Amino acid sequence: MSLPVTRRSRLRDLLATPVGRDATDKVVLFSGVPAWVPRLVGGLRLDTLDRLVRPIVGEGLVDALIGLANAGLGSAAQDEPSAGEREPVTGPQPWWRSAVFAQVYPRSFADSNGDGIGDLRGIIDHLDHFTDLGVDALWLSPVFDSPNRDMGYDVRDYRAVMAEMGTLDDLDELIAGCHRRGLRIVLDLVVNHTSTEHRWYQKALADPDSAERGYYFFRDGNASQPPNNWNSFFSGPAWRWEPSANAWALHLFDQNQVDLNWDNPAVRREVADIVGWWLDRGVDGFRLDVINYISKQPGLPDGHPFVGRLFGFTGIEHYFHGPMLHEHLAALRRDGFTRPDGTTAVMIGETPGIGIETGRLLSGAGRGELDLVFNFDALETPGHTRWDDYRYNLGHLVDFWLDYNARVTDDWVALFLENHDNPRMVSKVAGQRAADPAVRVRVARLLATLLLTMRGTPFLFQGQELGAVNEPFRGIDDLRDVESLNRYAELVAGGMPAAKAWRQVLAGSRDHARTPIRWTEHQDDSSRWLRGHDRTPGFSVEAQRDDPRSVLAWYRALLALRRAHLALATGDIECVHRSRDLVAWLRSSPDETWLVEANLGGRVRRRPRLGVAAVEVLATTTGGDAARLAPWSAVISRLR
Ligand code: GLC
């Protein structure tokens with residue numbers, strides 16, 4: 001490979017760089033172009049490629065790709081361990097590698113005082129739910145003081161608890177309650193942006209000479225012309241006009257979530273201090289919200305229109321892997337997450353838009369940046385977005401995870417199927433068939449098995465352990481999420497018939513995941529901030545707790561097995577069969593080997609002949625035909 005990549009380089013040189021490879025993989029993923037096409041034409045010179053694609057994609061795309069590829073080879077990235085043979089990790093494994101996390105969305109978890117909003121006391125009262133389940137750590141979605149335009153992802157005060165959720169004392173009690181039970185707890189750190197109600201922003205607005213003015217991206221100008229063509233993730237331009245300041249302010253998300261300027265050392269100092277303050281209170285680390293967006297290309301240049309069309313967001317190439325990202329993360333780790341005794345609290349990065357190789361640059365062991373990254377490419381079958389109503393192909397999920405595992409060396413994979421930003425996976429896989437409780441249980445158990453026997457650190461999202469499905473919301477008034485509401489308004493304003501706009505928003509709405517946990521069969525959600533509508537009998541904690549055939553019991557059994565046999569958590573993985581709907585993999589440690597076989601589809605399939613002697617230990621469906629795998633089923637066996 002010749003470095004840096006120039007217009008005279010070949011496509012294969014671009015593909016040989018981490019970010020170049022990821023960018024190409026993304027194009028494949030979003031466009032549905034077959035994955036072998038870019039490799040087939042690897043010998044093309046980039047200036048020739050530019051001439052060929054320019055009529056379709058417009059000027060400048062190839063230059064943008066070259067810029068990204070070279071940026072990924074900057075100082076912090078140079079000592080990148082190259083993909084290939086997996087190196088054994090020496091020394092003790094960090095605790096989070098063998099852990100299973102459960103994500104709590106506090107607003108919808110448990111409401112102890114009946115005001116309609118879940119709270120910290122509710123979590124404290126239900127901690128046994130997690131110890132019974134058998135997870136190791138909790139991640140709490142935001143609980144800091146917030147006006148809740150984006151449900152806590154718009155922080156007004158990083159050192160206070162949201163009044164509806166309780167007090168700092170409650171949070172201290174929750175942290176202590178977790179630790180007493182042997183659970184670790186990480187909080188959500190939302191520092192790409194603050195709420196416009198944060199005192200920093202208020203000061204910045206009130207006084208152009210204040211230090212806080214430099215905490216944000218203000219641009220002078222006139223009210224009719226935003227400074228660049230970037231879009232907000234929540235519809236419309238990424239800029240708000242501030243008449244009192246006669247200036248624009250950048251917001252990648254809602255107009256009330258203004259982006260912090262991380263190139264300002266004072267901002268980095270503030271964030272490190274916030275982290276230290278919470279670690280002193282006992283939290284075990286943070287999940288860092290959209291943390292790969294913190295470094296923006298200086299000058300905030302216009303985004304490339306083709307990239308914007310492809311990803312749905314114009315400007316993203318200027319901040320999803322910005323020039324100072326690695327430096328800022330390393331500094332945050334050193335100045336915020338590293339404790340006086342030299343240990344480091346866990347840093348889990350939410351990193352939308354990154355590919356596998358970029359993720360590896362951000363989370364390689366010894367690189368001193370993040371510990372784990374969330375890669376979202378597993379969540380949609382290629383050629384689809386969250387807003388499409390389509391049947392998700394589980395083959396994509398296992399292929400993605402297996403490919404990721406084949407590429408990691410001393411880094412580690414974070415595994416998840418659901419979170420507060422995505423519809424329920426059982427519904428995506430089974431569609432209307434999930435209305436049949438038997439199908440719902442099958443698919444939920446299969447998903448649990450894939451997630452908890454794959455190599456990596458699994459993250460469960462509340463309700464997943466009950467087999468929660470998408471909600472039959474009836475209309476836009478049922479929804480609360482700013483993203484859904486803005487999108488619906490934008491589509492309708494753009495001329496889309498209301499019924500069609502609703503179907504699209506319903507397919508992708510984040511509110512499916514945000515409805516209250518069903519603790520009891522006949523729970524009354526009528527006064528909750530967001531109502532759950534699914535009332536299918538048997539899918540509450542009450543119904544499942546003591547039922548050995550329930551989804552909850554299956555999670556419990558799997559988690560217990562995983563805990564008892566480290567091979568299933570941190571052991572090596574080897575795929576030994578993959579065909580249409582079938583997959584089989586081995587998990588092994590020096591002492592034992594486990595076999596996982598799964599039928600990923602809705603039809604009976606002949607079981608693969610693997611020629612190994614194994615004893616069945618757990619199966620999602622029992623009493624079946626030993627030569628076949630039932631629809632959406634899995635068997636876990638131990639090799640003799
Ligand atoms: C992350 C959060 C999401 C939030 C956004 C802006 O993606 O998970 O809920 O809306 O960041 O903070």
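If you read the sequence from its start, that first residue is 1, and numbering goes on from there. All values derive from a computational prediction rather than experimental measurement.
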A.B. asks: Could you walk me through whether I291 and V191 pass side chain to side chain contact (heavy atoms under 4.5 Å, CB included), step by step?
C.D. replies: CA-CA 8 Å; I291 199 65; V191 286; 4.2 Å; yes

A.B. asks: Using a 6.0 Å distance limit plus a 45 degree cone around the ring axis, check whether R455 lies over the aromatic ring of W401.
C.D. replies: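 No, R455 does not sit over the ring of W401.
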
A.B. asks: Run F130 and W139 through ring pair (Phe, Tyr, Trp, His ring centres under 6.0 Å) and show every step you take.
C.D. replies: CA-CA 12 Å; F130 299 108; W139 147 31; over 10 Å; no

A.B. asks: Is a side-chain donor or acceptor of R181 paired with a backbone partner of G177 at a separation under 3.5 angstrom?
C.D. replies: yes

A.B. asks: When you measure from the side chain of H420 to the backbone N and O of Q103, does any donor-acceptor pair fall under 3.5 Å?
C.D. replies: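 Answer holds: no.
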
A.B. asks: Tell me, with the steps shown, if T621 and R442 meet side chain to side chain contact (heavy atoms under 4.5 Å, CB included).
C.D. replies: CA-CA 8 Å; T621 46; R442 261 174 200 274; 3.6 Å; yes

A.B. asks: Can you confirm whether or not the ring centre of H577 sits under 6.0 Å from the ring centre of W585?
C.D. replies: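 Ring-ring flag for H577/W585: false, centres at least 6.0 Å apart.
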
A.B. asks: Check this for me, if you would: do R545 and D132 make a salt bridge, where the nitrogen-to-carboxylate-oxygen distance has to be below 4.0 angstrom?
C.D. replies: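 Not counted as a salt bridge, because no side-chain N and carboxylate O are separated by less than 4.0 Å.
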
A.B. asks: Would you mind telling me which of V190, T194, I274, D150 makes a side-chain contact (heavy atoms from CB on, under 4.5 Å) with V155?
C.D. replies: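 Among V190, T194, I274, D150, the one meeting side-chain contact (heavy atoms from CB on, under 4.5 Å) with V155 is V190.
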
A.B. asks: With a 6.0 Å cut-off on the ring centroids, do F376 and F416 count as close?
C.D. replies: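 Yes, they do, as the ring centres are separated by less than 6.0 Å.
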
A.B. asks: Within the supplied structure, the quantity of interest is the number of heavy atoms (other residues, nucleotides, ligands) at a distance under 6.0 Å from R549 CZ; does it exceed 12?
C.D. replies: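 Open: at most 12 neighbouring heavy atoms sit under 6.0 Å from CZ of R549.
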
A.B. asks: Taking the cut-offs as 6.0 angstrom to the six-membered ring centre and 45 degrees off its axis, would you call R440 and F539 a cation-pi pair?
C.D. replies: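 Yes - R440 lies over the ring of F539, closer than 6.0 Å to its centre and within 45° of its axis.
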
A.B. asks: Is there a donor-acceptor contact under 3.5 Å from the side chain of R587 to the main chain of T593?
C.D. replies: no

A.B. asks: Are W262 and Y319 close enough that their ring centres sit under 6.0 Å apart?
C.D. replies: no

A.B. asks: Among N261, D259, D263, whose side chain to side chain donor-acceptor pair (under 3.5 Å) with K296 holds?
C.D. replies: D259

A.B. asks: Look at the rings of F253 and F233 and say which category their plane angle falls in: under 30° parallel, 30 to 60° tilted, over 60° perpendicular.
C.D. replies: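 Judged by the thresholds at 30° and 60°, the geometry between F253 and F233 is parallel.
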
A.B. asks: Are the side chain of S146 and the backbone N or O of D154 linked by a donor-acceptor pair below 3.5 Å?
C.D. replies: yes

A.B. asks: Do T409 and R360 have side-chain N/O donor and acceptor atoms under 3.5 Å apart?
C.D. replies: yes

A.B. asks: Do Y293 and H321 pair up side chain to side chain, a donor and an acceptor below 3.5 Å, judged on atom types alone?
C.D. replies: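 Judged by distance alone, the side chains do not pair up.
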
A.B. asks: Does D119 use its side chain to pair, donor to acceptor, with the backbone of G122 at less than 3.5 Å?
C.D. replies: yes

A.B. asks: Evaluate the ring planes of F101 and F459, with Trp represented by its six-membered ring, and classify them as parallel (under 30°), tilted (30 to 60°) or perpendicular (over 60°).
C.D. replies: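 Geometry flag for F459 against F101: parallel rings.
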
A.B. asks: Would you find a donor on one side and an acceptor on the other, under 3.5 Å apart, between the side chain of S550 and the backbone of Q544?
C.D. replies: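 Pair found, side chain donor or acceptor close to backbone of Q544.
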
